[in-house]
Number of protein chains: 2
Amino acid sequence: MSFMNFSKITDYALRILSHIAKDSEKVYWANDFCCKLDIPFRYLRKLLTILSKVDLLYNPQEKVRGYQLSRNPNSIQFIYIVKATGDDIIEQKCFFGYQQCPLNNPCGMYYKWKKISKGLISTLESTNS
Amino acid sequence: MSFMNFSKITDYALRILSHIAKDSEKVYWANDFCCKLDIPFRYLRKLLTILSKVDLLYNPQEKVRGYQLSRNPNSIQFIYIVKATGDDIIEQKCFFGYQQCPLNNPCGMYYKWKKISKGLISTLESTNS
DNA sequence: AGTAAATAATACCAAGAGGTGTCATTTATG
DNA sequence: CATAAATGACACCTCTTGGTATTATTTACT
(Lines give C-alpha, C1' and ligand atoms only; values in the text may rest on other atoms or scores of the structure.)
Protein backbone atom coordinates (compact mmCIF):
# COMPACT_ATOMS: atom_id res chain seq x y z
CA MET A 1 0.00 0.00 0.00
CA SER A 2 2.93 2.30 0.41
CA PHE A 3 4.21 3.23 -2.93
CA MET A 4 5.95 6.36 -3.99
CA ASN A 5 5.37 7.62 -0.51
CA PHE A 6 7.60 8.07 2.43
CA SER A 7 6.84 6.40 5.69
CA LYS A 8 4.82 8.45 8.15
CA ILE A 9 7.83 9.18 10.25
CA THR A 10 9.74 10.54 7.28
CA ASP A 11 6.80 12.65 6.22
CA TYR A 12 6.50 14.07 9.69
CA ALA A 13 10.20 14.81 9.94
CA LEU A 14 10.15 16.63 6.63
CA ARG A 15 7.18 18.68 7.77
CA ILE A 16 8.83 19.62 11.02
CA LEU A 17 12.18 20.60 9.62
CA SER A 18 10.67 22.52 6.73
CA HIS A 19 8.47 24.34 9.18
CA ILE A 20 11.38 25.27 11.41
CA ALA A 21 13.40 26.40 8.43
CA LYS A 22 10.90 29.18 7.83
CA ASP A 23 12.25 31.01 10.86
CA SER A 24 15.42 29.34 11.96
CA GLU A 25 16.16 31.85 14.71
CA LYS A 26 13.04 31.05 16.67
CA VAL A 27 12.99 28.46 19.40
CA TYR A 28 10.12 26.04 18.82
CA TRP A 29 8.15 23.95 21.27
CA ALA A 30 6.36 20.73 20.57
CA ASN A 31 3.09 22.60 20.79
CA ASP A 32 4.12 24.79 17.91
CA PHE A 33 4.08 21.85 15.52
CA CYS A 34 1.27 19.74 16.80
CA CYS A 35 -1.78 21.27 15.20
CA LYS A 36 -0.23 23.10 12.28
CA LEU A 37 1.56 20.05 10.98
CA ASP A 38 -1.16 17.56 11.76
CA ILE A 39 0.97 15.16 13.78
CA PRO A 40 -0.40 13.31 16.84
CA PHE A 41 1.05 14.97 19.90
CA ARG A 42 2.58 11.95 21.60
CA TYR A 43 4.08 10.69 18.42
CA LEU A 44 5.41 14.13 17.66
CA ARG A 45 7.18 14.24 20.99
CA LYS A 46 8.79 10.92 20.36
CA LEU A 47 9.87 12.03 16.93
CA LEU A 48 11.38 15.28 18.22
CA THR A 49 13.52 13.28 20.58
CA ILE A 50 14.69 11.11 17.71
CA LEU A 51 15.54 14.11 15.57
CA SER A 52 17.57 15.54 18.44
CA LYS A 53 19.50 12.33 18.78
CA VAL A 54 20.44 12.18 15.12
CA ASP A 55 21.58 15.76 15.49
CA LEU A 56 19.06 17.40 13.25
CA LEU A 57 17.54 19.33 16.11
CA TYR A 58 19.02 20.47 19.36
CA ASN A 59 18.06 22.26 22.52
CA PRO A 60 19.57 25.66 21.86
CA GLN A 61 21.13 26.12 25.26
CA GLU A 62 21.78 23.56 27.90
CA LYS A 63 18.84 23.52 30.28
CA VAL A 64 16.55 25.51 28.08
CA ARG A 65 13.47 24.00 26.53
CA GLY A 66 12.54 23.94 22.89
CA TYR A 67 14.11 23.04 19.60
CA GLN A 68 16.08 24.70 16.87
CA LEU A 69 17.82 23.45 13.80
CA SER A 70 21.25 22.18 14.66
CA ARG A 71 22.78 23.80 11.59
CA ASN A 72 22.12 26.15 8.76
CA PRO A 73 18.92 25.13 6.99
CA ASN A 74 20.65 25.45 3.64
CA SER A 75 23.04 22.72 4.62
CA ILE A 76 20.37 20.16 5.46
CA GLN A 77 19.50 18.16 2.36
CA PHE A 78 16.17 16.40 2.26
CA ILE A 79 17.99 13.19 1.50
CA TYR A 80 19.63 13.41 4.89
CA ILE A 81 16.29 13.68 6.66
CA VAL A 82 14.92 10.80 4.66
CA LYS A 83 17.84 8.60 5.56
CA ALA A 84 17.87 9.66 9.19
CA THR A 85 14.31 8.50 9.66
CA GLY A 86 14.80 5.08 8.22
CA ASP A 87 13.91 5.31 4.57
CA ASP A 88 17.43 4.53 3.53
CA ILE A 89 16.90 1.64 1.24
CA ILE A 90 16.71 3.57 -1.95
CA GLU A 91 18.14 1.69 -4.87
CA GLN A 92 18.94 -1.35 -2.83
CA LYS A 93 16.34 -3.53 -4.43
CA CYS A 94 15.70 -4.12 -8.07
CA PHE A 95 12.42 -3.28 -9.69
CA PHE A 96 11.02 -6.72 -9.04
CA GLY A 97 11.95 -6.62 -5.38
CA TYR A 98 14.89 -8.95 -5.49
CA GLN A 99 17.77 -8.04 -3.25
CA GLN A 100 20.02 -8.75 -6.15
CA CYS A 101 19.12 -9.44 -9.73
CA PRO A 102 18.67 -13.20 -10.28
CA LEU A 103 19.62 -12.74 -13.91
CA ASN A 104 23.13 -12.46 -15.15
CA ASN A 105 22.40 -9.32 -17.03
CA PRO A 106 20.14 -6.45 -16.05
CA CYS A 107 16.56 -7.06 -17.07
CA GLY A 108 14.55 -4.70 -19.22
CA MET A 109 13.42 -2.68 -16.23
CA TYR A 110 16.86 -2.02 -14.87
CA TYR A 111 17.66 1.19 -16.67
CA LYS A 112 14.15 2.57 -16.49
CA TRP A 113 14.01 2.03 -12.77
CA LYS A 114 17.50 3.37 -12.29
CA LYS A 115 16.56 6.53 -14.10
CA ILE A 116 13.54 7.11 -11.91
CA SER A 117 15.30 6.56 -8.64
CA LYS A 118 18.27 8.64 -9.73
CA GLY A 119 15.87 11.46 -10.48
CA LEU A 120 14.33 11.24 -7.07
CA ILE A 121 17.63 11.06 -5.29
CA SER A 122 19.04 14.04 -7.08
CA THR A 123 15.91 15.98 -6.23
CA LEU A 124 16.26 15.10 -2.59
CA GLU A 125 19.91 16.01 -2.64
CA SER A 126 19.30 19.37 -4.21
CA THR A 127 16.48 20.34 -1.89
CA ASN A 128 17.13 21.82 1.51
CA SER A 129 14.18 23.76 2.72
CA MET B 1 10.95 1.76 5.69
CA SER B 2 9.26 1.21 2.40
CA PHE B 3 10.37 3.86 0.01
CA MET B 4 10.57 3.69 -3.71
CA ASN B 5 9.64 0.08 -3.44
CA PHE B 6 6.51 -1.79 -4.17
CA SER B 7 4.82 -3.85 -1.54
CA LYS B 8 5.79 -7.49 -1.46
CA ILE B 9 2.56 -8.55 -3.03
CA THR B 10 3.08 -6.20 -5.94
CA ASP B 11 6.63 -7.37 -6.40
CA TYR B 12 5.49 -10.96 -6.41
CA ALA B 13 2.71 -10.27 -8.87
CA LEU B 14 5.10 -8.55 -11.24
CA ARG B 15 7.49 -11.47 -11.00
CA ILE B 16 4.79 -13.99 -11.72
CA LEU B 17 3.24 -12.23 -14.66
CA SER B 18 6.59 -11.38 -16.20
CA HIS B 19 7.59 -14.98 -15.85
CA ILE B 20 4.46 -16.25 -17.50
CA ALA B 21 4.83 -13.74 -20.31
CA LYS B 22 8.02 -15.47 -21.39
CA ASP B 23 5.95 -18.34 -22.72
CA SER B 24 2.37 -17.34 -22.75
CA GLU B 25 1.15 -20.52 -24.39
CA LYS B 26 2.28 -22.77 -21.59
CA VAL B 27 0.00 -23.69 -18.72
CA TYR B 28 1.75 -22.99 -15.45
CA TRP B 29 1.28 -24.57 -12.05
CA ALA B 30 2.01 -23.05 -8.71
CA ASN B 31 5.04 -25.26 -8.41
CA ASP B 32 6.52 -23.69 -11.53
CA PHE B 33 6.86 -20.35 -9.79
CA CYS B 34 7.69 -21.26 -6.27
CA CYS B 35 11.42 -21.75 -6.33
CA LYS B 36 12.35 -19.80 -9.42
CA LEU B 37 10.65 -16.63 -8.27
CA ASP B 38 11.55 -16.92 -4.61
CA ILE B 39 8.01 -16.64 -3.27
CA PRO B 40 6.85 -18.64 -0.22
CA PHE B 41 4.63 -21.43 -1.49
CA ARG B 42 1.57 -20.78 0.65
CA TYR B 43 1.67 -17.11 -0.03
CA LEU B 44 2.16 -17.74 -3.71
CA ARG B 45 -0.94 -19.87 -3.81
CA LYS B 46 -2.97 -17.20 -2.16
CA LEU B 47 -1.64 -14.63 -4.57
CA LEU B 48 -2.43 -16.75 -7.62
CA THR B 49 -6.01 -16.94 -6.47
CA ILE B 50 -6.12 -13.18 -6.13
CA LEU B 51 -4.67 -12.66 -9.58
CA SER B 52 -7.30 -14.99 -10.99
CA LYS B 53 -10.05 -13.03 -9.34
CA VAL B 54 -8.90 -9.71 -10.73
CA ASP B 55 -8.82 -11.40 -14.09
CA LEU B 56 -5.10 -11.24 -14.72
CA LEU B 57 -4.83 -15.00 -14.69
CA TYR B 58 -7.33 -17.65 -15.48
CA ASN B 59 -7.67 -21.39 -15.56
CA PRO B 60 -7.40 -22.01 -19.28
CA GLN B 61 -10.29 -24.40 -19.53
CA GLU B 62 -13.03 -24.97 -17.06
CA LYS B 63 -12.04 -27.85 -14.83
CA VAL B 64 -8.42 -27.87 -15.83
CA ARG B 65 -5.67 -26.97 -13.43
CA GLY B 66 -3.00 -24.36 -13.86
CA TYR B 67 -2.77 -20.77 -14.91
CA GLN B 68 -2.29 -18.75 -18.03
CA LEU B 69 -2.44 -15.08 -18.78
CA SER B 70 -5.99 -14.00 -19.32
CA ARG B 71 -5.02 -11.84 -22.26
CA ASN B 72 -2.23 -10.99 -24.61
CA PRO B 73 0.87 -10.11 -22.59
CA ASN B 74 1.38 -7.01 -24.69
CA SER B 75 -1.90 -5.65 -23.47
CA ILE B 76 -1.10 -5.95 -19.77
CA GLN B 77 0.56 -2.78 -18.58
CA PHE B 78 2.63 -2.92 -15.43
CA ILE B 79 0.55 -0.12 -14.01
CA TYR B 80 -2.46 -2.40 -14.12
CA ILE B 81 -0.70 -5.07 -12.08
CA VAL B 82 0.48 -2.49 -9.59
CA LYS B 83 -3.01 -1.15 -9.13
CA ALA B 84 -4.60 -4.57 -9.00
CA THR B 85 -2.44 -5.57 -6.06
CA GLY B 86 -3.19 -2.53 -3.98
CA ASP B 87 -0.50 -0.02 -4.72
CA ASP B 88 -2.95 2.33 -6.25
CA ILE B 89 -2.29 5.44 -4.29
CA ILE B 90 0.20 6.99 -6.63
CA GLU B 91 -0.06 10.73 -6.71
CA GLN B 92 -2.74 10.87 -4.08
CA LYS B 93 -0.57 12.40 -1.43
CA CYS B 94 1.66 15.41 -1.64
CA PHE B 95 5.37 15.20 -1.05
CA PHE B 96 4.98 15.92 2.64
CA GLY B 97 2.35 13.25 3.08
CA TYR B 98 -0.67 15.47 3.38
CA GLN B 99 -3.80 14.16 1.78
CA GLN B 100 -4.28 17.57 0.34
CA CYS B 101 -1.92 20.50 0.38
CA PRO B 102 -2.53 22.66 3.45
CA LEU B 103 -1.21 25.67 1.56
CA ASN B 104 -3.23 27.65 -0.89
CA ASN B 105 -0.60 27.36 -3.52
CA PRO B 106 1.61 24.42 -4.36
CA CYS B 107 4.74 24.36 -2.25
CA GLY B 108 8.23 24.25 -3.66
CA MET B 109 8.24 20.49 -3.86
CA TYR B 110 5.04 20.20 -5.83
CA TYR B 111 6.43 20.32 -9.33
CA LYS B 112 9.54 18.34 -8.53
CA TRP B 113 7.49 15.57 -7.00
CA LYS B 114 4.96 15.66 -9.79
CA LYS B 115 7.70 15.25 -12.32
CA ILE B 116 9.10 12.19 -10.57
CA SER B 117 5.81 10.44 -10.15
CA LYS B 118 4.76 11.24 -13.69
CA GLY B 119 7.97 9.64 -14.86
CA LEU B 120 7.27 6.52 -12.92
CA ILE B 121 3.69 6.26 -14.02
CA SER B 122 4.54 6.68 -17.66
CA THR B 123 7.18 4.00 -17.32
CA LEU B 124 4.67 1.63 -15.78
CA GLU B 125 2.16 2.43 -18.46
CA SER B 126 4.59 1.82 -21.26
CA THR B 127 5.88 -1.46 -19.90
CA ASN B 128 4.07 -4.70 -20.50
CA SER B 129 6.34 -7.63 -20.12
C1' DA C 1 -13.67 -46.75 -7.83
C1' DG C 2 -9.59 -45.03 -5.46
C1' DT C 3 -5.69 -42.27 -5.00
C1' DA C 4 -2.63 -38.42 -5.82
C1' DA C 5 -2.03 -33.79 -7.13
C1' DA C 6 -3.55 -29.18 -7.69
C1' DT C 7 -6.36 -25.55 -6.08
C1' DA C 8 -9.90 -22.81 -2.94
C1' DA C 9 -11.26 -21.04 1.26
C1' DT C 10 -10.62 -19.86 5.70
C1' DA C 11 -8.56 -19.02 9.92
C1' DC C 12 -4.68 -18.10 12.21
C1' DC C 13 0.13 -16.29 13.38
C1' DA C 14 4.24 -12.89 13.45
C1' DA C 15 6.56 -8.66 12.94
C1' DG C 16 6.82 -3.91 12.37
C1' DA C 17 4.98 0.79 12.02
C1' DG C 18 2.16 4.06 13.95
C1' DG C 19 0.20 5.75 17.98
C1' DT C 20 -1.06 6.35 23.20
C1' DG C 21 -0.48 6.45 28.40
C1' DT C 22 2.15 7.06 32.40
C1' DC C 23 5.66 8.51 35.21
C1' DA C 24 9.92 10.93 36.18
C1' DT C 25 12.88 14.87 35.47
C1' DT C 26 14.03 19.53 34.56
C1' DT C 27 13.39 24.49 34.29
C1' DA C 28 10.78 28.87 34.69
C1' DT C 29 7.79 31.49 37.27
C1' DG C 30 4.90 33.01 41.11
C1' DC D 1 9.56 26.56 48.02
C1' DA D 2 5.68 25.06 45.16
C1' DT D 3 3.63 24.60 40.99
C1' DA D 4 3.09 24.39 36.07
C1' DA D 5 4.93 23.47 31.68
C1' DA D 6 8.01 21.11 28.73
C1' DT D 7 10.66 17.12 27.81
C1' DG D 8 12.65 12.15 28.28
C1' DA D 9 12.00 7.40 28.91
C1' DC D 10 9.54 3.44 28.62
C1' DA D 11 5.83 0.31 28.32
C1' DC D 12 2.02 -0.83 25.89
C1' DC D 13 -1.62 -1.05 22.37
C1' DT D 14 -3.55 -1.43 17.48
C1' DC D 15 -3.62 -2.20 12.72
C1' DT D 16 -1.69 -3.78 8.48
C1' DT D 17 1.22 -6.68 5.81
C1' DG D 18 3.39 -10.83 5.02
C1' DG D 19 3.25 -15.55 5.85
C1' DT D 20 1.52 -20.36 7.57
C1' DA D 21 -1.68 -24.25 8.63
C1' DT D 22 -5.74 -26.81 7.84
C1' DT D 23 -9.43 -28.61 5.59
C1' DA D 24 -12.26 -29.31 1.63
C1' DT D 25 -12.96 -29.73 -3.28
C1' DT D 26 -11.89 -30.89 -7.89
C1' DT D 27 -9.66 -33.36 -11.65
C1' DA D 28 -6.33 -36.70 -13.75
C1' DC D 29 -4.59 -41.04 -13.72
C1' DT D 30 -4.33 -45.89 -12.52
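Chain naming here is simple, since letters A, B, ... match the order of the sequence lines and numbering starts at 1 in each.
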Taking only the side-chain nitrogens and oxygens of [X], find out if one of them lies under 4.0 Å from OP1 or OP2 of [N].
{"X": "Tyr67(B)", "N": "dA6(C)", "result": "no"}
{"X": "Ser7(A)", "N": "dA17(C)", "result": "no"}
{"X": "Tyr12(B)", "N": "dG18(D)", "result": "no"}
{"X": "Lys46(A)", "N": "dA17(C)", "result": "no"}

Whichever of Lys53(B) and Asn31(B) has its nearest DNA chain C nucleotide further upstream toward 5' = Asn31(B)
query = Start at the 5' end of DNA chain C and walk down; is the nucleotide closest to Pro40(A) or to Ala30(B) reached first?
reply = Ala30(B)
Nearest-Å distance for atom pair [atom1]/[atom2], residues [X] and [N]:
{"X": "Leu44(A)", "N": "dT20(C)", "atom1": "CG", "atom2": "C1'", "value": "13 Å"}
{"X": "Tyr58(A)", "N": "dT7(D)", "atom1": "OH", "atom2": "P", "value": "15 Å"}
{"X": "Arg65(A)", "N": "dA6(D)", "atom1": "CZ", "atom2": "C1'", "value": "5 Å"}
{"X": "Asp38(B)", "N": "dG19(D)", "atom1": "CG", "atom2": "C1'", "value": "13 Å"}
{"X": "Asp32(A)", "N": "dA6(D)", "atom1": "CG", "atom2": "C1'", "value": "12 Å"}
{"X": "Asp11(B)", "N": "dT17(D)", "atom1": "CG", "atom2": "P", "value": "15 Å"}
{"X": "Leu48(A)", "N": "dT20(C)", "atom1": "CG", "atom2": "C1'", "value": "16 Å"}
{"X": "Leu51(B)", "N": "dA8(C)", "atom1": "CG", "atom2": "C1'", "value": "15 Å"}

Nucleotide nearest [X] (side chain, heavy atoms from C-beta), chosen from [options]:
{"X": "Thr49(B)", "options": "dA9(D), dA8(C), dT22(C)", "value": "dA8(C)"}
{"X": "Lys8(B)", "options": "dT22(C), dG19(C), dG19(D)", "value": "dG19(D)"}
{"X": "Ile9(B)", "options": "dT7(D), dT22(C), dG18(D)", "value": "dG18(D)"}

Between [X] and [Y], is the gap from one ring center to the other below 6.0 Å?
{"X": "Trp113(A)", "Y": "Tyr98(A)", "answer": "no"}
{"X": "Tyr12(B)", "Y": "Tyr43(B)", "answer": "yes"}
{"X": "Phe95(B)", "Y": "Phe6(A)", "answer": "yes"}

ask   = So do Ile39(B) and Lys8(B) actually touch side chain to side chain, heavy atoms under 4.5 Å?
value = no
remark   = Taking for Phe41(B) and for Arg45(A) the nucleotide of DNA chain D with the nearest heavy atom, the one nearer the 5' end belongs to Arg45(A)
request  = Give a yes or no on whether the backbone of Glu25(A) and the side-chain of Gln68(A) come within a donor-acceptor separation of less than 3.5 Å.
outcome  = yes
